[in-house]
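Small disclaimer: the values here were computed from a predicted structure and weren't measured.
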Amino acid sequence: MRHSSSRRRAIGRLFALGLLAFIVLGGLLVTGLWLSGLGILFAVPTDSMAPAVAAGDHVYVEGVTFKVRGPRRGDLIAFRAVETEQGPKGSVYVKRLAGQPGDRVRITDGKVFINDEHWSLSNAAGEIRYGNIRSAMFLRIGSESVRVPPGNFFVLGDNTWNSSDSRFWGFLPVENVTGRVTFCYWPPSRIGYIK
């Protein structure tokens, strides 16, 4: 009996030590990326990306992936605002990349079409249904499309009826993208990888 009790304590200590090492190494990695400019931490200001990312979520944005492969359709990207329509200049926002340079984007019956092919953008809740909003600048009706100019992206918010995105303020310059949103670290109930 005494033998199994001491064995459980030893296993518990090893587990705690392993967890501590994981936390310390993870912290060092995040800190190193942050100091090198390849990672940022910030609080999401709006619910435009709910349910993937909600207002008040504190997220980690890494810049390594886009150095290797560049942004792709469906990526959750963080960017710095430059236009007043996007928000205060320099503020960081999150949107989902829908259109790349040269793409023709259309929203019909809640679905995104890129170059006349249905492109399923999804998050943890499944395929996202986007809306045509008559007060928007672009894609006000299902038959309307927009061509993404060189050096720009077309981005959408997952919470389509509560998102100020490219439909309203236009194209996002590629150089404004700061990285890929990957992980929510606060609040505790939302901790985890973001899809």
Handout entry: Residues which pass side chain to side chain donor-acceptor pair (under 3.5 Å) with K111, listed by chain and number, not counting sequence neighbours
Key = none
Exercise for the section: Determine the minimum heavy-atom distance between D75 and G70, stating which atoms define it. Expected result: OD2-O, 4.4 Å
Exercise for the section: Kindly work out whether a path of hydrophobic side-chain contacts (I/L/V/M/F/W/Y, heavy atoms less than 4.5 Å apart) joins I114 to L156. Expected result: yes
N/O donor-acceptor pairs under 3.5 Å from side chains in residues 141-153, not counting sequence neighbours:
{"unit_1": "E144", "atom_1": "OE1", "unit_2": "R140", "atom_2": "N", "d": "2.9"}
{"unit_1": "E144", "atom_1": "OE2", "unit_2": "L139", "atom_2": "N", "d": "3.4"}
{"unit_1": "R147", "atom_1": "NH1", "unit_2": "G102", "atom_2": "O", "d": "2.8"}
{"unit_1": "N152", "atom_1": "ND2", "unit_2": "P150", "atom_2": "O", "d": "3.0"}

Handout entry: By salt bridge (charged side-chain N to carboxylate O under 4.0 Å, His left out) - contacts of D116 (at least two apart)
Key = R104, R106
Exercise for the section: Determine, using the 4.5 Å side-chain heavy-atom cutoff (strictly less than), whether V92 and V59 are members of one ILVMFWY cluster. Expected result: yes
Practice task
Just grab all the salt bridge (Lys or Arg N to Asp or Glu O under 4.0 Å) pairs involving residues 42-56, residues at least two apart or on different chains.
Solution key: none
Handout entry: Set of ring-ring contact (aromatic ring centres under 6.0 Å, His included) partners for F183, sequence neighbours left out
Key = Y193
Practice task
Just grab all the side-chain hydrogen bond (donor to acceptor under 3.5 Å, both in side chains) pairs involving residues 157-166, residues at least two apart or on different chains.
Solution key: K95-S163, R96-D158, N123-D158, T160-R167, S163-D165, S164-W169, D165-R167
Exercise for the section: Taking the side chain as every heavy atom from C-beta outward, state whether F42 and V94 have any pair of such atoms under 4.5 Å apart. Expected result: yes
Exercise for the section: Given side chain to side chain contact (heavy atoms under 4.5 Å, CB included), test I77 with L172 step by step and report yes or no. Expected result: CA-CA 11 Å; I77 60 173; L172 173 66; 3.9 Å; yes
Problem - Cluster link I194 to M49, ILVMFWY, side chain under 4.5 Å - result: yes
Problem - T178 side, atom OG1; I40 side, atom CD1 - distance, nearest 0.5 Å - result: 4.0 Å
Practice task
Name all pairs fulfilling the side-chain hydrogen bond (donor to acceptor under 3.5 Å, both in side chains) condition that reach into residues 183-192, sequence neighbours left out, sorted by first residue then second.
Solution key: D57-R190
Practice task
Determine whether F138 and W119 fall in the same hydrophobic cluster, where Ile, Leu, Val, Met, Phe, Trp and Tyr are linked whenever their side-chain heavy atoms lie under 4.5 Å apart.
Solution key: yes
Fill in the blank from the handout: Value for OH (Y93) from OG1 (T46), rounded to nearest 0.5 Å, stands at 7.5 Å
Exercise for the section: Evaluate the side-chain proximity of D103 to R73: yes if any heavy-atom separation is below 4.5 Å, no if none is. Expected result: yes
Completion exercise
Joining Ile, Leu, Val, Met, Phe, Trp and Tyr whenever any side-chain heavy atoms lie under 4.5 Å apart, the cluster holding F113 also takes in none
Practice task
Using the rule that two of Ile, Leu, Val, Met, Phe, Trp, Tyr join whenever any of their side-chain heavy atoms come within less than 4.5 Å, decide whether V112 and V155 are in one cluster.
Solution key: no
Problem - For F66, all residues meeting ring-ring contact (aromatic ring centres under 6.0 Å, His included), sequence neighbours excluded - result: none
Problem - side-chain hydrogen bond (donor to acceptor under 3.5 Å, both in side chains) pairs, two or more places apart, involving residues 125-137 - result: H118-E127
Fill in the blank from the handout: Applying salt bridge (charged side-chain N to carboxylate O under 4.0 Å, His left out) to R80 and not counting sequence neighbours gives none
Problem - Set of side chain to side chain donor-acceptor pair (under 3.5 Å) partners for T65, sequence neighbours left out - result: E62, R180
